[in-house]
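Step one of this worksheet: look at the structure below.
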Amino acid sequence: AQKITQTQPGMFVQEKEAVTLDCTYDTSDPSYGLFWYKQPSSGEMIFLIYQGSYDQQNATEGRYSLNFQKARKSANLVISASQLGDSAMYFCAMRDNTGNQFYFGTGTSLTVIP
Amino acid sequence: ETGVTQTPRHLVMGMTNKKSLKCEQHLGHNAMYWYKQSAKKPLELMFVYSLEERVENNSVPSRFSPECPNSSHLFLHLHTLQPEDSALYLCASSQDMVASGGTYNEQFFGPGTRLTVL
(Lines give C-alpha, C1' and ligand atoms only; values in the text may rest on other atoms or scores of the structure.)
Protein backbone atom coordinates (compact mmCIF):
# COMPACT_ATOMS: atom_id res chain seq x y z
CA ALA A 1 0.00 0.00 0.00
CA GLN A 2 1.24 3.45 -0.85
CA LYS A 3 2.50 5.20 2.23
CA ILE A 4 2.68 8.73 0.87
CA THR A 5 0.15 10.19 -1.54
CA GLN A 6 0.58 13.41 -3.44
CA THR A 7 -2.48 13.93 -5.59
CA GLN A 8 -1.32 17.01 -7.50
CA PRO A 9 1.05 16.07 -10.33
CA GLY A 10 1.38 19.72 -11.32
CA MET A 11 0.55 23.08 -9.81
CA PHE A 12 0.80 26.67 -11.03
CA VAL A 13 0.99 29.74 -8.85
CA GLN A 14 1.37 33.42 -9.55
CA GLU A 15 4.54 35.03 -8.28
CA LYS A 16 4.11 36.49 -4.76
CA GLU A 17 1.01 34.37 -4.10
CA ALA A 18 0.79 31.50 -1.62
CA VAL A 19 0.37 27.89 -2.68
CA THR A 20 -0.50 24.68 -0.84
CA LEU A 21 0.91 21.32 -1.89
CA ASP A 22 -1.03 18.35 -0.60
CA CYS A 23 0.34 15.26 1.11
CA THR A 24 -1.42 12.44 2.91
CA TYR A 25 0.29 9.53 4.59
CA ASP A 26 -0.56 6.11 5.87
CA THR A 27 0.89 4.59 9.01
CA SER A 28 -0.26 2.88 12.15
CA ASP A 29 2.90 3.79 14.05
CA PRO A 30 2.50 6.43 16.77
CA SER A 31 5.99 7.77 16.10
CA TYR A 32 7.08 8.97 12.68
CA GLY A 33 8.60 11.95 10.95
CA LEU A 34 7.36 13.89 7.95
CA PHE A 35 9.62 15.77 5.54
CA TRP A 36 9.29 17.97 2.51
CA TYR A 37 12.03 18.16 -0.08
CA LYS A 38 12.49 20.35 -3.14
CA GLN A 39 14.13 18.99 -6.27
CA PRO A 40 15.13 21.60 -8.87
CA SER A 41 15.93 20.57 -12.41
CA SER A 42 19.56 20.10 -11.38
CA GLY A 43 18.44 16.93 -9.56
CA GLU A 44 19.64 17.53 -6.02
CA MET A 45 17.02 17.04 -3.29
CA ILE A 46 16.93 19.93 -0.84
CA PHE A 47 15.45 19.55 2.63
CA LEU A 48 12.78 22.15 3.39
CA ILE A 49 10.88 21.34 6.56
CA TYR A 50 10.25 18.62 9.15
CA GLN A 51 7.29 17.69 11.35
CA GLY A 52 7.51 15.08 14.08
CA SER A 53 4.39 13.09 14.88
CA TYR A 54 4.44 14.28 18.49
CA ASP A 55 5.02 17.92 17.67
CA GLN A 56 2.13 20.01 18.96
CA GLN A 57 2.71 22.96 16.69
CA ASN A 58 2.93 23.15 12.94
CA ALA A 59 6.49 23.47 11.67
CA THR A 60 7.61 26.68 10.00
CA GLU A 61 10.84 27.52 8.19
CA GLY A 62 10.90 30.95 6.62
CA ARG A 63 8.38 31.01 3.78
CA TYR A 64 7.58 27.33 4.29
CA SER A 65 5.03 26.05 6.75
CA LEU A 66 3.57 22.61 7.24
CA ASN A 67 -0.14 22.25 7.87
CA PHE A 68 -0.12 19.11 10.00
CA GLN A 69 -3.50 17.51 10.60
CA LYS A 70 -2.73 14.31 12.45
CA ALA A 71 -6.26 12.94 12.59
CA ARG A 72 -6.58 13.32 8.83
CA LYS A 73 -3.04 12.07 8.28
CA SER A 74 -2.20 15.03 6.13
CA ALA A 75 0.93 17.16 6.03
CA ASN A 76 0.42 19.87 3.44
CA LEU A 77 3.22 22.26 2.54
CA VAL A 78 2.36 25.93 2.32
CA ILE A 79 4.73 28.22 0.45
CA SER A 80 4.03 31.90 1.01
CA ALA A 81 5.06 34.73 -1.31
CA SER A 82 6.10 32.43 -4.16
CA GLN A 83 9.25 33.26 -6.05
CA LEU A 84 10.36 32.22 -9.52
CA GLY A 85 13.09 30.12 -7.92
CA ASP A 86 10.45 28.02 -6.20
CA SER A 87 9.67 26.30 -9.50
CA ALA A 88 10.70 22.68 -8.92
CA MET A 89 9.45 19.24 -7.95
CA TYR A 90 8.33 18.92 -4.34
CA PHE A 91 8.34 15.63 -2.51
CA CYS A 92 6.65 14.66 0.72
CA ALA A 93 8.33 11.87 2.69
CA MET A 94 7.83 9.90 5.86
CA ARG A 95 10.36 8.18 8.09
CA ASP A 96 9.05 5.27 10.11
CA ASN A 97 9.60 4.77 13.82
CA THR A 98 12.64 2.54 13.32
CA GLY A 99 14.39 5.19 11.27
CA ASN A 100 15.26 2.47 8.74
CA GLN A 101 12.57 3.19 6.20
CA PHE A 102 11.76 6.28 4.25
CA TYR A 103 8.75 6.57 1.97
CA PHE A 104 8.44 9.24 -0.68
CA GLY A 105 5.46 10.43 -2.69
CA THR A 106 5.43 10.80 -6.47
CA GLY A 107 5.97 14.52 -6.18
CA THR A 108 4.25 17.71 -7.31
CA SER A 109 5.70 19.86 -10.03
CA LEU A 110 5.30 23.52 -9.09
CA THR A 111 5.59 26.27 -11.66
CA VAL A 112 5.69 29.89 -10.53
CA ILE A 113 4.35 32.27 -13.15
CA PRO A 114 5.78 35.79 -13.35
CA GLU B 1 34.25 19.83 -1.05
CA THR B 2 31.16 20.18 1.06
CA GLY B 3 27.93 18.24 1.40
CA VAL B 4 27.35 15.04 -0.51
CA THR B 5 29.09 14.40 -3.81
CA GLN B 6 28.44 11.69 -6.36
CA THR B 7 30.48 10.48 -9.30
CA PRO B 8 29.99 10.07 -12.12
CA ARG B 9 27.12 12.43 -12.81
CA HIS B 10 26.17 10.55 -15.95
CA LEU B 11 26.83 6.94 -16.91
CA VAL B 12 25.90 4.95 -19.98
CA MET B 13 26.58 1.23 -19.85
CA GLY B 14 25.74 -1.93 -21.69
CA MET B 15 24.01 -4.84 -20.04
CA THR B 16 27.23 -6.82 -19.78
CA ASN B 17 29.33 -4.05 -18.25
CA LYS B 18 30.45 -3.68 -14.66
CA LYS B 19 30.58 -0.20 -13.21
CA SER B 20 30.49 1.48 -9.83
CA LEU B 21 28.80 4.59 -8.51
CA LYS B 22 30.59 6.53 -5.81
CA CYS B 23 29.18 8.70 -3.06
CA GLU B 24 31.13 10.74 -0.56
CA GLN B 25 29.80 12.83 2.30
CA HIS B 26 31.80 15.55 4.03
CA LEU B 27 29.31 16.15 6.83
CA GLY B 28 30.50 13.72 9.47
CA HIS B 29 27.25 11.77 9.26
CA ASN B 30 26.79 8.22 10.49
CA ALA B 31 24.10 6.99 8.10
CA MET B 32 24.15 6.74 4.31
CA TYR B 33 21.51 5.72 1.80
CA TRP B 34 21.05 4.72 -1.84
CA TYR B 35 17.83 5.65 -3.62
CA LYS B 36 16.54 4.95 -7.13
CA GLN B 37 14.43 7.61 -8.81
CA SER B 38 12.51 6.54 -11.89
CA ALA B 39 10.16 8.72 -13.89
CA LYS B 40 6.60 8.87 -12.55
CA LYS B 41 7.46 6.69 -9.55
CA PRO B 42 8.22 7.52 -5.93
CA LEU B 43 11.80 7.50 -4.78
CA GLU B 44 12.70 3.95 -3.85
CA LEU B 45 14.98 3.36 -0.90
CA MET B 46 17.47 0.66 -1.88
CA PHE B 47 20.05 0.35 0.90
CA VAL B 48 20.72 1.89 4.29
CA TYR B 49 24.04 1.89 6.10
CA SER B 50 24.55 2.98 9.67
CA LEU B 51 28.08 3.20 11.02
CA GLU B 52 29.27 1.22 8.00
CA GLU B 53 26.88 -1.66 8.63
CA ARG B 54 24.05 -2.41 6.26
CA VAL B 55 20.79 -2.15 8.17
CA GLU B 56 18.30 -2.29 5.36
CA ASN B 57 18.11 -3.97 1.96
CA ASN B 58 14.77 -3.38 0.35
CA SER B 59 14.48 -6.42 -1.90
CA VAL B 60 16.97 -5.04 -4.36
CA PRO B 61 18.16 -7.40 -7.12
CA SER B 62 21.61 -8.85 -6.59
CA ARG B 63 22.90 -7.10 -9.70
CA PHE B 64 23.14 -4.07 -7.37
CA SER B 65 25.82 -4.53 -4.73
CA PRO B 66 26.53 -1.81 -2.14
CA GLU B 67 29.76 -1.27 -0.29
CA CYS B 68 30.49 1.07 2.61
CA PRO B 69 34.22 0.98 3.42
CA ASN B 70 33.95 3.82 5.94
CA SER B 71 31.38 6.28 7.19
CA SER B 72 32.25 8.84 4.50
CA HIS B 73 32.07 6.66 1.41
CA LEU B 74 29.38 4.57 -0.17
CA PHE B 75 29.58 2.65 -3.42
CA LEU B 76 27.01 0.95 -5.59
CA HIS B 77 28.52 -1.75 -7.77
CA LEU B 78 26.57 -2.55 -10.91
CA HIS B 79 26.76 -5.65 -13.09
CA THR B 80 24.57 -7.23 -15.76
CA LEU B 81 21.98 -4.50 -15.48
CA GLN B 82 18.73 -4.35 -17.41
CA PRO B 83 17.34 -1.41 -19.41
CA GLU B 84 14.65 -0.93 -16.73
CA ASP B 85 17.43 -0.11 -14.28
CA SER B 86 17.95 3.18 -16.10
CA ALA B 87 17.18 5.89 -13.56
CA LEU B 88 18.63 8.62 -11.39
CA TYR B 89 20.51 7.10 -8.46
CA LEU B 90 20.66 9.34 -5.44
CA CYS B 91 22.90 9.03 -2.45
CA ALA B 92 22.00 10.63 0.86
CA SER B 93 23.39 10.89 4.36
CA SER B 94 22.02 11.83 7.76
CA GLN B 95 23.56 12.41 11.15
CA ASP B 96 21.96 9.29 12.54
CA MET B 97 18.97 7.19 11.71
CA VAL B 98 16.42 8.21 14.29
CA ALA B 99 15.64 11.72 15.37
CA SER B 100 16.89 12.50 18.85
CA GLY B 101 18.00 15.41 20.94
CA GLY B 102 15.98 17.92 18.96
CA THR B 103 17.52 17.00 15.62
CA TYR B 104 15.42 16.15 12.63
CA ASN B 105 17.95 13.79 11.14
CA GLU B 106 16.98 15.04 7.74
CA GLN B 107 18.75 13.51 4.81
CA PHE B 108 21.20 15.46 2.73
CA PHE B 109 21.23 14.34 -0.88
CA GLY B 110 23.88 14.31 -3.54
CA PRO B 111 23.20 15.49 -7.09
CA GLY B 112 22.67 11.95 -8.34
CA THR B 113 24.06 9.78 -11.11
CA ARG B 114 21.93 9.57 -14.24
CA LEU B 115 22.31 5.96 -15.37
CA THR B 116 21.33 4.72 -18.81
CA VAL B 117 21.50 1.00 -19.54
CA LEU B 118 21.54 0.12 -23.22
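Everything numeric here is computed off the predicted structure, so don't read it as measured data.
Side chains of A:M45 and B:F108 form no contact here, defined as non-hydrogen atoms less than 4.5 Å apart. Within the 4.5 Å cutoff, the side chain of A:T106 has no heavy atoms near those of the B:K40 side chain. With contacts defined as side-chain heavy-atom distances shorter than 4.5 Å, the pair A:F91/B:Q37 qualifies.
With rounding to the nearest 0.5 Å, the separation of CD1 in A:I46 from CD in B:E106 is 13.0 Å.
One hydrophobic cluster, built from ILVMFWY side chains closer than 4.5 Å, holds both B:Y33 and A:F35. Hydrophobic clustering, with ILVMFWY side chains joined whenever heavy atoms are under 4.5 angstrom apart, groups A:V13 together with A:Y90. When the side chains of ILVMFWY residues are joined at heavy-atom separations under 4.5 Å, either directly or via intervening members, B:F47 and A:Y103 end up in two distinct hydrophobic clusters. By the criterion of side-chain heavy atoms lying less than 4.5 angstrom apart, applied directly or through intervening Ile, Leu, Val, Met, Phe, Trp or Tyr residues, A:I49 is grouped together with A:Y32 in one hydrophobic cluster. No continuous path of ILVMFWY side-chain contacts below 4.5 Å connects B:M46 to B:F75, so the two sit in separate hydrophobic clusters.
At a 4.5 Å heavy-atom cutoff, A:Q51 makes no contact with chain B through either its backbone or its side chain. Proximity to chain A (any heavy atom under 4.5 Å) is restricted, for B:Y35, to the side chain, taken from C-beta onward.
Using a 4.5 Å heavy-atom cut-off against chain A, the contacting residues of residues 110-118 of chain B are B:G110, B:P111. Listed by sequence position, the residues of residues 76-85 of chain A in contact with chain B number zero, using a 4.5 angstrom heavy-atom cutoff. Chain B is approached within less than 4.5 Å, heavy atom to heavy atom, by A:E61 from residues 59-74 of chain A, ordered by number. For a heavy-atom cut-off of 4.5 Å, chain A lies close to B:L88, B:L90 in residues 79-92 of chain B.
The backbone N or O of B:Q107 lies less than 3.5 Å from a partner atom in the side chain of A:Y37, making a donor-acceptor pair.
In this structure, A:F47 has its ring center at least 6.0 angstrom away from the ring center of B:F109.
The minimum heavy-atom distance linking B:L45 with A:F102 is given by the pair CD2-N, 3.7 Å.
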